[in-house]
Amino acid sequence: MSGRDVPVYLAPMAGITDCVFRRLCFEHGCDGATTEMISAQGYMTAPKALEAYGSLLKILPGEGPVTAQIFGREPKWFAMAADVLTQLQLFAGIDINMGCPAHKVTGGGNGSALMRDPDLCGRIVEAAVKNTVLPVTVKMRLGWSGDSVTVMEVARAAEEAGASGITVHGRTRDQFYSGKADREMIGRVKAAVKIPVCANGDIDSGKSAVDMLETTGCDSLAVGRAALGNPWIFEEIHAYLRGEEYRRPSYAEVMATALRQAEEMAEWKGEHRAVLEMRKHFSWYIAFRRGAARLRTRINCAESLDEVRSLLSELGD
Ligand SMILES: Cc1cc2nc3c(=O)[nH]c(=O)nc-3n(C[C@H](O)[C@H](O)[C@H](O)COP(=O)(O)O)c2cc1C
């Protein structure tokens, strides 16, 4: 226990943090979430009302504060996208992606490739800030590689350009998700800027949340992978930070939550698509349970919610 409760956010995850999953996380103590990333240029140049963007930007009643995350390279697209997203009056803020390591994103100089050019990072933030009344935040890594750790420069450039806060994932781009997030380094960034810093990377329990807070002195935490199949992680972390007891959900609760997520997906996207998109979530919900491996294979062949419902009921606590 650290004696210090702080906001705990759901980190953006493309293909995962849609409105249905976010709402579940909010119900379990998440304090803020981000859309999946949206190309600033794509959004500004795609034919209007393109289905993909409608889906990415959808917010459900009952969600808490949601920030729209945009990626790109040219400041002018960030300026335009920040303006248009603000006019939608849906979002609590605009977040700029300077962390995505995927080749298809960095290949165009976007995402974590921006970390190689702190001056450009500053100009991007400035362009967004000038075109919105919403807070602009930046999500960054430590740099491009061990030989190019630029997080200090990028954090300062973002602050000078008017960013309201930053999230630091304690890895370089060339680490992707390997190794351990460098908490010392996140702490050094926190000490170097005045704006709030959110710490991210490998927080997967109440204890690791406290360790992250104590090592970095950060203002808030962001949790990504540990929320997969486990929206209760936010309750667990808050309970731990407050020194309260945390009760793990029973398998019946886990199953009911997984099925509710699937039903809400089905209402939104139709049953067939929902079952396909939910396969990965089901396997996260049942991970670490006896018999999960065999069940996963069968769930991955299921075509209807009824089939999934009966398969899930084969496991127990
Ligand atoms: C499948 C997946 C998709 C991700 N998509 C995004 C994204 O769209 N934008 C972003 O800023 N970070 C993205 N991330 C990075 C996470 O937000 C987070 O920084 C990273 O997973 C480290 O946190 P964790 O250890 O709590 O998972 C993604 C991560 C994963 C695993």
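All figures in this text were calculated on a predicted structure; none of them were measured in a lab. Counting convention: from 1, in listed order, for ligands and their atoms alike.
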Worksheet entry | Residue pair L213, L241: steps toward the side-chain contact (heavy atoms from CB on, under 4.5 Å) verdict | CA-CA 10 Å; L213 269 185; L241 294 180; 3.8 Å; yes

Worksheet item: At a 4.0 angstrom heavy-atom cut-off, what protein residues surround ligand 1?
Response: A11, P12, M13, A14, I16, M37, Q69, N97, K139, H169, Y177, N200, G201, D202, V223, G224, R225

Fill in: Derivation of the side-chain contact (heavy atoms from CB on, under 4.5 Å) call for M212 and C218
CA-CA 8 Å; M212 178 65 102; C218 277; over 6 Å; no

Item to complete: For S178 and Q175, test the side chains for any donor-to-acceptor distance below 3.5 angstrom and give the result as yes or no.
Response: no

Fill in: F91 side chain reached by T86 side chain, heavy atoms, under 4.5 Å
no

Worksheet item: Would you call K139 and D95 a salt bridge, using N to O less than 4.0 angstrom?
Response: no

Worksheet item: Could you walk me through whether E236 and R248 pass the salt bridge (Lys or Arg N to Asp or Glu O under 4.0 Å) check?
Response: CA-CA 8 Å; E236 179 182 342; R248 286 191 186 287; 3.8 Å; yes

